[in-house]
Protein chains: 2
Amino acid sequence: MARIKTDNHLSRKDVIVTKAAALFREKGFKAASMRDLAEAVGVEAASLYNHIKSKTELLHELCFSVANRFLHKMDEVESQNTKAIDKIEKLLRFHINEMIQHYEEVYVSDREWKHLSDPYLSNFQNQRRIYRKRFAAIIEQGIRNNEIKKIDAATAVLIILHAISGIESWHRSVQKISASELEENMVTILVGGLTNQ
Amino acid sequence: MARIKTDNHLSRKDVIVTKAAALFREKGFKAASMRDLAEAVGVEAASLYNHIKSKTELLHELCFSVANRFLHKMDEVESQNTKAIDKIEKLLRFHINEMIQHYEEVYVSDREWKHLSDPYLSNFQNQRRIYRKRFAAIIEQGIRNNEIKKIDAATAVLIILHAISGIESWHRSVQKISASELEENMVTILVGGLTNQ
DNA sequence: CCTACCGATCGGTAGG
DNA sequence: CCTACCGATCGGTAGG
């Protein structure tokens with residue numbers, strides 16, 4: 001997915017990864033078979049193995065490409081010289097947009113990572129734990145600066161991250177409101193819930 | 001699960017359903033095998049079928065027993081003569097407590113229902129859609145009465161319900177804060193996010 | 001990229 | 001509640 005392309009065409013591998021994300025999202029990792037995937041790609045199941053090593057490899061490519069994007073954004077936000085609540089809003093908006101634009105991948109990374117096997121599993125869990133701690137540290141900074149209510153930071157992170165995963169329902173619904181309206185509503189409720197005023 | 005008992009002992013069936021909830025939560029419905037379940041119960045796999053009809057039956061018993069509790073609570077809350085924001089807080093606290101006390105069942109009902117098969121699948125999806133509409137209607141009432149910010153009610157429901165599912169992370173963590181502190185933190189953030197003040 | 005096929009594991013049944 | 005076993009399906013490989 002991160003390969004540089006000279007044209008708009010996706011490599012066969014990219015097609016496989018993309019179709020895998022859609023299938024894993026729809027059926028779950030375990031219930032999605034390599035034969036399902038082969039049919040979606042338009043080849044026989046055995047042919048997939050000329051491009052990938054295993055079914056699990058597909059899952060960990062998806063999980064880590066998503067995790068890397070979030071960690072990269074966290075680096076960027078932490079280095080900025082802004083108020084804690086602004087950092088949180090930036091992270092929140094990034095999460096919302098990632099979920100809207102890369103729905104299948106982000107969803108799979110969020111819900112199917114438990115099917116990873118070691119060493120990827122513990123690696124992923126570690127990255128996730130660290131990300132949440134960094135997020136909580138920003139909230140704690142905001143509480144010390146009186147920008148944010150006196151709440152448990154870990155609980156706040158948990159609420160924010162899970163609330164965002166709710167976009168999944170919006171994504172598959174008849175979509176009454178637009179993506180930008182969705183974003184503003186979420187920011188209003190969640191930033192509003194954290195701040196004193 | 002709803003059967004009346006004359007003593008504290010669970011019937012064999014109850015043990016199977018309870019162990020199934022734990023297994024489906026831990027591994028996911030598809031990845032949890034009947035042989036895993038048999039081992040957890042302490043019998044051979046074939047023996048399970050003297051108490052249950054199929055693996056799917058276990059899933060739909062879990063999903064519908066959880067759904068029924070929420071629908072029953074919704075009936076109760078709707079019939080009360082209180083402000084919309086109080087109804088929301090009541091539902092919110094009920095959800096939180098259900099998630100804390102019946103963690104495995106509620107989690108499975110929330111995350112594994114897609115493995116139901118028709119007619120149970122569409123039945124469950126219907127109940128879920130109706131529940132959310134009733135929840136949204138209360139929020140809309142609150143907006144009309146100026147108790148709640150002018151937001152999209154469906155988005156608010158989505159945020160609330162998914163935020164609660166975040167308790168899953170708390171449940172399996174080293175549990176820094178108590179259940180009641182968790183509840184108060186969630187109510188503070190979410191009710192605070194909805195209200196004008 | 002395909003045909004042919006493998007060993008393993010699955011949910012479930014027969015019969016006692 | 002057990003032993004014995006079934007047909008189906010799985011991820012993956014061999015060989016071309």
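By convention in this document, chain letters (A, B, ...) are assigned in the order of the sequence lines, proteins followed by strands, and residues within each chain are numbered from 1.
Note on A:A31: nothing from the nucleic acid sits closer than 4.0 angstrom, heavy atoms only. In this structure, A:A38 reaches neither bases nor backbone, as no heavy-atom distance under 4.0 Å exists between it and the strands shown.
Across all strands shown, C:dG12 is found opposite D:dC5 as a Watson-Crick or G-U wobble partner, with both distances under 3.5 Å.
The aromatic rings of B:H60 and B:Y120 sit parallel to each other, their planes meeting at less than 30°, with 60° as the upper class boundary. In this pair, B:Y103 and B:H171 present their aromatic rings parallel. The plane angle is below 30°, not in the 30 to 60° band. Ring-plane geometry between A:F70 and A:H95 is classed as parallel, the angle between the planes falling under 30 degrees on a 0 to 90 degree scale with a further cut at 60.
Between A:H115 atom NE2 and D:dC10 atom C1' there is a gap of 15 Å when expressed in whole angstrom units.
A:R12 has a side-chain polar atom (N or O) that falls below the 4.0 Å cut-off from OP1 or OP2 of C:dC1.
Between A:A20 and A:L37, the closest heavy-atom pair is N-CD1, 3.6 Å.
The side chain of B:N50 lies closest to D:dC1 when the candidates are D:dC1, D:dC5, D:dG12. Nearest nucleotide to the A:V43 side chain, out of C:dT3, C:dT13, C:dC1: C:dC1. Here the nucleotide nearest the side chain of A:M34, chosen from D:dC2, D:dG11, C:dG12, is D:dG11. The nucleotide whose nearest atom lies closest to any side-chain atom of A:E44 is, among C:dC10, C:dT3, C:dC1, C:dT3.
Comparing A:K55 and B:S47 by the nucleotide of DNA chain D whose heavy atom lies nearest to each, the residue mapping closer to the 5' end is B:S47.
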